[in-house]
Amino acid sequence: MEILDTPSLMRDATLLPDTGEPGFGVYVHWPFCAAKCPYCDFNSHVRHQPVDQERFTAAFLKEMATVRRISGPKTVTSVFLGGGTPSLMHPATVSAILDGISKHWHVPNGIEITMEANPSSVEAERFRGYRAAGVNRVSLGVQALNDRDLKFLGRLHDVADALKAIRLARDIFPRMSFDLIYARPDQTVEEWERELREAISYAVDHLSLYQLTIEEGTPFYGLHKAGKLIVPDGDQSADLYEATQEITAREGMPAYEVSNHARPGAESRHNLTYWRYGDYAGIGPGAHGRLTRGPEKIATATERKPEAWLELVERDGHGILEQERLGYDEQADELLLMGLRLKEGVDLARWQHLSGRDPDPKREEFLLEHGFIERIGNSRLRCTPSGMLILDSVVADLAC
């Protein structure tokens, strides 16, 4: 397919520096995959007939126009094409989507534009097409660096495919990240340390390292419930997590979020928008958004089923099923939930403005004494490494 030309502002290889502000992101969800992984509970769908990409592209653009009316004028600080498997899109589809975003919002030169890709769907020509369309960062779903575990995880690629994709991504895109899943059955700390060092050796500047979780409704959930799939227990998982933190910090890629590691300056700008509780537009089947209108923040959610979403957009101009107005208390809770995932922690003044109160002194004192949280001067509050291990409990304590 012909690669469409795009405005020069979308092609700049120099990414703007992180300002520390939450920003405004645009998330576009491509819901289709070549196969469904047995651990995955994301909104992804397998279709055995070719997807009508022109029809879906027109629907993405139509929904953008509706979301633009909700958001009002905004300056975009990042774009993320997620899924599903966005690398199944034609480059022309990506180009049209990015042009649509530029039409509806202000898109400065040099913002981060990320696409998720699976190694099994990577081709050099297609990668170059995405780069020409404006993508300047790719996130690869590698998940493991041995063929045995890739097969166990239901991946369609092998290690050779993964390494080829990593090489291509480094050659074509200014920035690249890849994902690994650990705490796999029978995985020892020593095995994971070797695999992690190998991953870092591929000269990446960003890694997303997730513990395997058993999600209800997935094939792994049924196997786990039947006792046929045993994952590391709490103590073993904690050992694996601590080894992860030690090795990445030593190698110059410390955690800036509970599961994300980067060399200084290479943090994911788009994900920082989520964790800093910024605004973001959610476009596509099953996409979520947070859009500030005056004193309110509106939470949006679209129809999850791709074909049902498509029909809604073609009929109504959007597939949004939920528009919830979040009050200050709800916003304060979400700010805490997201911000405590970050090494930089939560802006206390912002949280106090939303919640209308200070943290409960007794609860804060308890968490401080036990080494689960710490103050950064008088302006920020963050979890310690020990606190990250019990993050949900820390958030629950502080939110009360």
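Numbers here are sequence positions counted from 1.
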Determine whether the side chains of His318 and Thr66 contain a donor N or O and an acceptor N or O closer than 3.5 Å.
-> no
Side-chain donor/acceptor of Asn43 to backbone N/O of Pro285, under 3.5 Å = yes
Looking at Tyr27 versus Tyr274, is the centre-to-centre ring distance below 6.0 Å?
-> no
Does Glu369 use its side chain to pair, donor to acceptor, with the backbone of Phe366 at less than 3.5 Å?
-> no
Hey, could you give me the OG1/CZ distance between Thr213 and Phe220, rounded to the nearest 0.5 Å?
-> 10.5 Å
Which heavy-atom pair separates Pro306 from Pro31 by the least distance, and what is that distance?
-> CG-CG, 3.8 Å
Verdict with supporting geometry, Arg382 and Glu374, salt bridge (charged side-chain N to carboxylate O under 4.0 Å, His left out) = CA-CA 6 Å; Arg382 69 179 177 189; Glu374 60 187 1; 2.7 Å; yes
Can you check whether Ser120's main-chain N or O pairs, donor with acceptor, with Asn118's side chain at less than 3.5 Å?
-> no
Is the Trp30 ring parallel, tilted or perpendicular to the Phe56 ring (thresholds 30°, 60°)?
-> perpendicular
Atom pair CE (Met253) and CG (Leu209), whose distance is rounded to the nearest 0.5 Å | 7.5 Å
Looking only at heavy atoms, which two atoms of Leu398 and Leu336 are closest? And how far apart?
-> CB-CD2, 3.7 Å
Any side-chain donor-acceptor pair under 3.5 Å between Asn136 and Glu112?
-> no
Transitively linked via ILVMFWY side-chain contacts under 4.5 Å: Phe32 with Phe42?
-> no
For Met64 and Trp105, the nearest pair of non-hydrogen atoms, with its separation, is O-CH2, 4.0 Å
Do you know the tightest heavy-atom contact between Asp329 and Ser355?
-> OD1-O, 3.9 Å
Are the side chain of Tyr256 and the backbone of Ser268 linked by a donor-acceptor contact shorter than 3.5 Å?
-> yes
Charged N to carboxylate O under 4.0 angstrom, Glu330 versus Lys297?
-> no
Would you find a donor on one side and an acceptor on the other, under 3.5 Å apart, between the side chain of Asp161 and the backbone of Asp158?
-> yes
Between Phe127 and Phe173, does the ring centre distance come in under 6.0 Å?
-> yes
What do you reckon, is NZ of Lys36 surrounded by more than 12 foreign heavy atoms closer than 6.0 Å?
-> yes
Measuring from Thr302:OG1 to Gln323:CD, what's the distance to the nearest 0.5 Å?
-> 11.5 Å
Is the shortest distance from a Lys or Arg side-chain nitrogen in Arg197 or Glu251 to a carboxylate oxygen in the other one below 4.0 Å?
-> no
Side chain of Glu116, backbone of Gly83: donor and acceptor closer than 3.5 Å?
-> yes
Got a donor-acceptor contact below 3.5 angstrom from the Arg175 side chain to the Glu267 backbone?
-> yes
Examine distances only and state if a side-chain atom of Arg155 and a backbone atom of Pro119 form a donor-acceptor pair shorter than 3.5 Å.
-> no
Would Asn260 and Tyr210 satisfy side-chain contact (heavy atoms from CB on, under 4.5 Å), going step by step from the backbone distance to the final call?
-> CA-CA 8 Å; Asn260 285 271; Tyr210 303 108; 4.2 Å; yes
Give a yes or no on this: more than 12 heavy atoms of other residues, nucleotides or ligands lie within 6.0 Å of atom CZ of Arg250.
-> yes
Does the pair Tyr182 and Gln187 meet the rule for a side chain to side chain donor-acceptor pair (under 3.5 Å), with working shown?
-> CA-CA 8 Å; Tyr182 67 100; Gln187 186 179 40; over 6 Å; no
Distance (rounded to the nearest 0.5 Å) between Arg126 CZ and Ile172 CD1 = 12.5 Å
Using a 4.5 Å cut-off on heavy atoms from C-beta on, say whether the side chain of Arg137 contacts that of Ile113.
-> no
With no hydrogens and no angle check, is any side-chain donor or acceptor of Thr273 less than 3.5 Å from a backbone partner on Gly23?
-> no
Hey, mind stepping through Asp41 and Glu216 against side-chain contact (heavy atoms from CB on, under 4.5 Å) and telling me if it holds?
-> CA-CA 8 Å; Asp41 70 338; Glu216 191 169 355; over 6 Å; no
Asn378, CG: over 12 other non-hydrogen atoms inside 6.0 angstrom = no
Heavy atoms from other residues, nucleotides or ligands near NZ of Lys164 exceed 12 (cutoff 6.0 Å) = no
Pairwise salt bridge (charged side-chain N to carboxylate O under 4.0 Å, His left out) hits with a residue in residues 179-193, at least two apart | Asp149-Arg184, Arg184-Glu195
Hydrophobic cluster membership, Leu140 vs Leu163, 4.5 Å side-chain cutoff = yes
Should Phe24 and Val107 be regarded as members of a common hydrophobic cluster, given that ILVMFWY residues are connected when their side-chain heavy atoms come within less than 4.5 Å of each other, either directly or indirectly?
-> yes
How far apart are the closest heavy atoms of Gly282 and Val67, and which atoms are they?
-> O-CG2, 4.4 Å
Any side-chain heavy atom of Thr244 within less than 4.5 Å of one from His261?
-> yes
Aromatic ring proximity, centroids under 6.0 angstrom, Trp192 and Tyr241 | no
Minimum heavy-atom distance Arg293-Ile70, with the two atoms named | NH1-O, 2.6 Å
List the steps, then state whether side-chain contact (heavy atoms from CB on, under 4.5 Å) holds for Tyr39 with Ile181.
-> CA-CA 11 Å; Tyr39 58 85; Ile181 293 174; 3.7 Å; yes
Quick one: pull up CD in Glu303 and CD in Glu322 and give me the separation to the nearest 0.5 Å.
-> 10.5 Å
Hey, any chance Met89 and Leu168 share a hydrophobic cluster, counting ILVMFWY side chains that come within less than 4.5 Å of each other, even indirectly?
-> yes
Donor-acceptor contact below 3.5 Å, side chain His224 vs main chain Leu229 | yes
Verify same cluster id: Phe80, Val28 (apolar side-chain graph, 4.5 Å) | no
dist Ser95:OG -> His90:NE2 (nearest 0.5 Å) comes out at 13.0 Å
Residues Ser139, His206; criterion side-chain contact (heavy atoms from CB on, under 4.5 Å); working and verdict = CA-CA 9 Å; Ser139 178; His206 188 286; over 6 Å; no
